[in-house]
Amino acid sequence: MGSFGIWVLAIFLIFQSGYGFYLPGSYPHKYVIGDPLSVKVNSLTSIDTEMPFSYYSLPFCKPPEGVKDSAENLGELLMGDRIENSPYRFKMYSNETEIFLCQSEKLSADDYMLLKKRIDEMYQVNLILENLPAMRYSVKDGFLLRWTGYPVGVKVDDAYYVFNHLKFKVLVHKYEETNMENVMGTGDAAGVIPGGGKRGSDVPGYMVVGFEVVPCSFMHEGNLVKKLKMYDGYPSPVKCEATTVSMPIKEGVPVAFTYEVAFEESDIKWPSRWDAYLKMEGSKVHWFSILNSLMVITFLAGIVLVIFLRTVRRDLTRYEELDKESQAQMNEELSGWKLVVGDVFRAPTNPALLCIMVGDGVQILGMGLVTILFAALGFMSPASRGTLITGMLFFYMILGIAAGYVAVRLWRTISYGDHKGWASVAWKAACFFPGIAFLILTTLNFLLWGSHSTGAIPFSLFVILLLLWFCISVPLTLIGGYFGAKAPHIKYPVRTNQIPREIPAQKYPSWLLVLGAGTLPFGTLFIELFFIMSSIWMGRVYYVFGFLLIVMVLLVVVCAEVSLVLTYMHLCVEDWKWWWKSFFASGSVAIYIFLYSVNYLVFDLKSLSGPVSATLYLGYSLFMVLAIMLATGTIGFLSSFWFVHYLFSSVKLD
């Protein structure tokens, strides 16, 4: 729990600061003129296949010191990121042109076919400088479009051209000590911000605030590159025009690579350097989504209010005003929910499974809310790669205590306080959702391994995940279960009859109503869902976590209201089997999200190629939908349980 304390302290410091704050591990780095800058490469990515591949899987130039992995966190590895060093070298504020990198070996048949395949599949090269992805600009129909990365090549008239000359532009901002102190909100910036070396503050320095690339296809002359070594100057000028291509790839013909770099001073300050990547477009759509959700909530809240104030309160007041003789007479004429008083708390079918699913739902819901809260505060920015996934894993494991506690306490409540079997329930709660997730991810991982994709989780990481599961998550869930077993169980306000009451025949199947109820929570979610899906599958950056937090809170309220209303409707028609129905009334939103995912695959990811890519998409969607079902179902069940307990604790029937 020490890490949690650090997070709380960090939040406190943020609110105490009169100025802005920096993301953890993202401090400005001062470079003086001539300091070396190193470009890193990430995995090749494509929205056509959704399978990342290593940059060096293609015949690109390798750095002279050899390929080395950059320090990565757990989240980066799970996302398929493989950040490695590259041969591209710059010197701060030193413009260079026609720098020769290398000439590849003559393209073998395999290399030639692989290059053609990657160009056909629209793979992008992703370069990183000072944690900033390379950005490319293009103009289409008068609109300026922003892209991260650049294509491997392009196909023109049945010929394949590779982009072998890169024109870099590095935007820099002058490093000013006094400004840094103000922004950091501290009087001793030198002690907080890592400097660029043992230099005095009087030496002018710069910070990297932008990184742009223009890819070109240029035909180098074979005679000129034969004697050149890496980083030599190419003897003739290279005309870099983004609109023309001139380097076709052919089997048995080598490819030469060159680059140029220009530095430009910019007004962009360090805290704003990610603004170009995180520009939020269509904020009106997000507000429309929230307004739409509020209308649904208000409508449902009105129904809940009517149930509580008019129906329930009126019935209870009438009943309490009668004398004993009249009450006895009224008991014989009871109708609706009062008739099921002796059955309403009868144990459901498969009670252990319900307890396990509710426990896991609490864990997932807590993880989602806490992660989105931290992301909204700025702790999980895209500037810190992999922190979102790492944070989710961390919070999920810690909240194993909540899962065990809720599952076991609910189990004891259903068992009328019996301690028997609590350890089994806690153990199953620790293994239910992670077990299904592990099965899905392992199956998908075999597909990625077969395709030699960097998206495949390495075996060593598999072992780490298993250790985290069984050495941290499972023990914490068992500890939570122990506390749940020690806590007093919730006592029912009424006795349960020995013989179950017969449920009258219904005009419509009750499960039809339950499945239809999922449309209301889906209505509050689907607009934001489009942006999330675009972020995951279309390579767009999602950073409107403030909106997402609001939508998440609204979703919790809608799920609670929907389930509560449906439970009351079932009780009114003398259907006392409300336990599972209350869970799936709100949990059925997962069905609509899965159908939306299929719709997104068919209409928005038309270019997704091959059965492997489609299987990966559907597999990850199934995993996401299962988590959503458990979380939303738990909200519905707990709100209904509270409502039924409140309702029947207000009436005394013998």
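Just so it is clear, the model here is predicted, and its values are computed rather than measured.
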Note to self: If the condition is side chain to side chain contact (heavy atoms under 4.5 Å, CB included), which residues does Ser639 pass it with, not counting sequence neighbours?
What the structure shows: Ala560, Ser563
Notebook entry, point to check: Partners of Tyr137 by ring pair (Phe, Tyr, Trp, His ring centres under 6.0 Å), sequence neighbours excluded?
Noted result: none
Notebook entry, point to check: So which pairs with a foot in residues 434-447 pass side-chain hydrogen bond (donor to acceptor under 3.5 Å, both in side chains), sequence neighbours left out?
Noted result: none
Margin query: Going by side chain to side chain donor-acceptor pair (under 3.5 Å), name the residues that satisfy it together with Glu212, two or more places apart in sequence or in a different chain.
Written below: none
Note to self: Please enumerate all residues that pass side chain to side chain contact (heavy atoms under 4.5 Å, CB included) together with Leu555, with sequence neighbours excluded.
What the structure shows: Pro521, Thr524, Leu525, Cys559, Thr632
Check: Which atom names give the shortest non-hydrogen contact between Val208 and Trp270, and what distance separates them?
Finding: O-CZ3, 3.8 Å
Check: Okay, side chain of Arg273, backbone of Gly210: is any donor-acceptor separation there less than 3.5 Å?
Finding: no
Distance-only check: which donor-acceptor pairs under 3.5 Å involve side-chain atoms of residues 614-629, not counting sequence neighbours?
| unit_1 | atom_1 | unit_2 | atom_2 | d |
| --- | --- | --- | --- | --- |
| Thr615 | OG1 | Pro611 | O | 2.6 |
| Tyr617 | OH | Ser597 | O | 2.5 |
| Ser621 | OG | Tyr617 | O | 2.8 |

Item checked: Heavy-atom closest contact (Glu121 atom, Asp48 atom, distance) -> O-CB, 3.4 Å
Margin query: My understanding is that only residues two or more places apart in sequence, or in another chain, count here; which of them pass side chain to side chain contact (heavy atoms under 4.5 Å, CB included) with Ser86?
Written below: Val39, Val41, Tyr56, Tyr88
Item checked: N/O donor-acceptor pair under 3.5 Å between Arg136 side chain and Val213 backbone -> no
Notebook entry, point to check: Looking only at atom types and distance, does a side-chain atom of Ser57 sit under 3.5 Å from a main-chain N or O of Ser54, one as donor and one as acceptor?
Noted result: yes
Which donor-acceptor pairs under 3.5 Å do side chains of residues 427-436 form with protein atoms, sequence neighbours excluded?
none

Next item on the list: Identify, with sequence neighbours excluded, every residue that meets side chain to side chain donor-acceptor pair (under 3.5 Å) alongside Thr387.
Entry: none
Note to self: Suppose we screen for side chain to side chain donor-acceptor pair (under 3.5 Å). Which residues come up paired with Trp449, at least two apart in sequence or across chains?
What the structure shows: none
Please list, one pair per line, the donor and acceptor atoms closer than 3.5 Å that link side chains of residues 394-409 to other protein atoms, with sequence neighbours excluded.
| unit_1 | atom_1 | unit_2 | atom_2 | d |
| --- | --- | --- | --- | --- |
| Tyr405 | OH | Arg409 | NH1 | 3.4 |
| Arg409 | NE | Pro488 | O | 2.9 |
| Arg409 | NH2 | Pro488 | O | 2.8 |

Quick one: side chains of residues 529-537, donor-acceptor pairs under 3.5 Å with protein atoms, not counting sequence neighbours, listed by atom name and distance.
| unit_1 | atom_1 | unit_2 | atom_2 | d |
| --- | --- | --- | --- | --- |
| Ser534 | OG | Phe530 | O | 2.9 |
| Ser534 | OG | Tyr600 | OH | 3.3 |
| Ser535 | OG | Arg540 | O | 3.1 |

